[in-house]
Amino acid sequence: MSVRTRADLEQLPPYVAGRTVPGSIKLASNEVSEGPLPSAVAAINEAATEVHRYPDMGVGALTEALAAHYDVAPERIAVGCGSVALCEQLVQATCTADDEVVFPWRSFEAYPIITQVVGARQVKVPLTGEHALDLEAMLAAITPATRLMFVCTPNNPTGTLVRKTELDAFLDRVPEDVLVVLDEAYFEFVDDADAPDGVEITRVRDNVVSMRTFSKAYGLAGVRVGYAIGPVKVAEALRKVTIPFSVNALAQTAAIASLQAQDELRRRCADVVAERARVHRELVALGYEVPETQANFVWLPLGERTAAFNEHCLENRVVVRAFAGEGARVTIGQPAENDAFLAAAKSFG
């Protein structure tokens, strides 16, 4: 083949999605197994008759709905094709090949991929021994070349939370010209009173962006829509680098309907939180090390036993998300699905 592609792509790891195995219980992708909110389904069905038209490229109605929901100016909001697209746009909007992106590791798998694709340098900061973000080490990793920092809270895949006091102390010490992205994809599942609210932080800090998604709690992973709230200048930059029409019409309609169904959402999240506590408690009783989690999943730091645990779960028709040599992330599903996983965990020798 004579066509030349970038040589550095040979070393680029692919994004690994959670496996789908027919006939098995899928607890590998942090999806909400209950499905989309009923009101969103009705809105999608109605909007389906208009898919021959291009969607609103400016995502105006959804932006206005988000602005009203959070009581922020629409100019401070950027909507994207899932929060992962916004991650890439943030790197594109802030970095060149001479710049650096700092992020915890292990954390969201897309961070190193999108950083390398854009051409910026990756700075991975190891987690603490308790599987939490090491904010002191992240501060120490900042150099004059640092342009962007991802702070994933709750952290994916460990579920650990950065609390208000430690986050405020961290942000006080980050240089003003470094943009801090609070990746809050699992915000709706958080029930810790000491948890920060990224949107509130963006009201008082000019170098912070809160990024959230409709893929998790709202059950819209299949239509792809997320949003970022932050300084007007950053939101404008995000809109400049977005792919035209990337937020499809069904996604926009479903997201608006979902925002209007907060009672349904709160009930769903309460059910997930209750099951999360049960699964965590039973795993600990079985002798597993399971760090605190404020997301819709649990993390089992199994080290070299991870591959064997993954295969054992598959044999028991349960699909988990395994990170070779590190651990397994298991999504909280319906009670019967969680029971099947707990039975597999109990029989793992």
Side-chain angles (χ1 to χ4, degrees), residues 4-17 78 80-128 131-153 155-158 160 162 166-167 169-185 198 202 205-211 226 228 230-231 233-243 323-326:
R4 291 179 292 177
T5 59
R6 283 169 42 185
D8 65 323
L9 295 184
E10 293 293 329
Q11 286 75 45
L12 183 67
Y15 182 88
V16 179
C81 184
S83 58
V84 65
L86 290 165
C87 286
E88 183 171 21
Q89 290 167 225
L90 283 160
V91 180
Q92 289 175 322
T94 58
C95 294
T96 68
D98 298 324
D99 301 319
E100 296 176 348
V101 178
V102 175
F103 51 87
W105 195 253
R106 175 168 292 276
S107 193
F108 183 35
E109 276 186 276
Y111 296 156
I113 298 172
I114 60 180
T115 301
Q116 185 171 335
V117 168
V118 171
R121 294 194 295 273
Q122 309 169 27
V123 180
K124 297 181 180 179
V125 179
L127 303 179
T128 69
H131 314 287
L133 272 60
D134 190 335
L135 296 183
E136 284 296 320
M138 291 181 68
L139 285 168
I142 296 173
T143 73
T146 305
R147 292 289 172 267
L148 186 70
M149 304 182 79
F150 285 111
V151 175
C152 189
T153 180
N155 185 48
N156 176 17
T158 62
T160 49
V162 175
E166 58 180 333
L167 182 58
F170 168 79
L171 293 172
D172 284 343
R173 297 163 62 190
V174 174
E176 293 182 358
D177 63 346
V178 174
L179 183 64
V180 178
V181 181
L182 301 179
D183 188 343
E184 300 181 296
T202 67
R205 295 186 185 269
D206 292 333
N207 67 329
V208 176
V209 168
S210 169
M211 189 172 61
K233 182 178 180 180
V234 174
E236 288 176 348
L238 284 171
R239 288 190 287 271
K240 285 182 179 180
V241 297
T242 190
I243 296 173
F323 298 84
E326 297 181 59

* Asked: Got a donor-acceptor contact below 3.5 angstrom from the Thr146 side chain to the Thr143 backbone?
  -> yes

* To do: Report the C-alpha distance between Val181 and Phe103 in whole Å, list the side-chain angles of each, state the deciding distance to 0.1 Å, and finish with yes or no for side-chain contact (heavy atoms from CB on, under 4.5 Å).
  => CA-CA 10 Å; Val181 181; Phe103 51 87; over 6 Å; no

* Consider only side-chain N and O atoms of Thr128 and Asp134, and report whether a donor and an acceptor are under 3.5 Å apart. => no

* Value rounded to 0.5 Å, distance of CG in Asn155 from CH2 in Trp105 -> 9.5 Å

* Nearest-0.5 Å distance, OG1 of residue Thr153 to CD of residue Glu166 -> 8.0 Å

* To do: Of all the heavy-atom pairs spanning Arg205 and Asp172, show the shortest one and how long it is.
  => NH2-OD1, 2.7 Å

* **Residues Asn207, Val234; criterion side-chain contact (heavy atoms from CB on, under 4.5 Å); working and verdict** => CA-CA 9 Å; Asn207 67 329; Val234 174; over 6 Å; no

* Taking the six-membered ring for Trp, are Tyr111 and Phe150 parallel (under 30°), tilted (30 to 60°) or perpendicular (over 60°)? -> parallel

* Determine yes or no for a side-chain-to-main-chain donor-acceptor pair under 3.5 angstrom, with Arg121 supplying the side chain and Val101 the backbone. => no

* For side-chain contact (heavy atoms from CB on, under 4.5 Å), just list the numbers for Met149 and Ile142, CA-CA rounded to whole Å, side-chain angles, deciding distance to a tenth of an Å, and then say yes or no. => CA-CA 9 Å; Met149 304 182 79; Ile142 296 173; 3.6 Å; yes

* Which heavy-atom pair separates Ala141 from Val125 by the least distance, and what is that distance? -> CB-CG2, 3.9 Å

* Measuring from Asp206:CG to Asp177:CG, what's the distance to the nearest 0.5 Å? -> 12.5 Å

* How far apart are the closest heavy atoms of Ala228 and Leu238, and which atoms are they? -> CB-CD1, 4.0 Å

* Judged by modelled atom types alone, do Gln122 and Thr115 share a side-chain donor-acceptor pair under 3.5 Å? -> no

* To do: Would you give the length of the straight line joining atom CD1 of Ile114 to atom CD of Glu109, rounded to the nearest 0.5 angstrom?
  => 12.0 Å

* **Arg147 (side chain) donor-acceptor with Ala93 (main chain) under 3.5 angstrom** => no

* Leu139 and Glu136: CA distance, side-chain angles, deciding distance, side-chain contact (heavy atoms from CB on, under 4.5 Å) verdict -> CA-CA 5 Å; Leu139 285 168; Glu136 284 296 320; 4.2 Å; yes

* To do: Keeping the roles fixed (side chain from Ser83, backbone from Met211), state whether a donor-acceptor pair exists under 3.5 Å.
  => no

* Exercise: identify the closest heavy-atom pair between Val180 and Phe170 -> CG1-CE2, 4.3 Å

* To do: For residues Pro231 and Val209, determine if any side-chain heavy atom of one lies less than 4.5 Å from a side-chain heavy atom of the other.
  => yes

* Just how far is it from atom CE of Met138 to atom CZ of Arg173, taken to the nearest 0.5 Å? -> 12.5 Å

* To do: Supply the atom-to-atom distance Leu148 CG to Thr94 OG1, rounded to the nearest 0.5 angstrom.
  => 4.5 Å

* To do: Can you see which heavy atom on Leu182 is nearest to which on Gly198, and at what distance?
  => CD1-CA, 3.7 Å

* Structure fact -> Closest heavy-atom pair, Ala85 versus Cys81, reported as atoms and distance to 0.1 Å, is CB-O, 3.3 Å

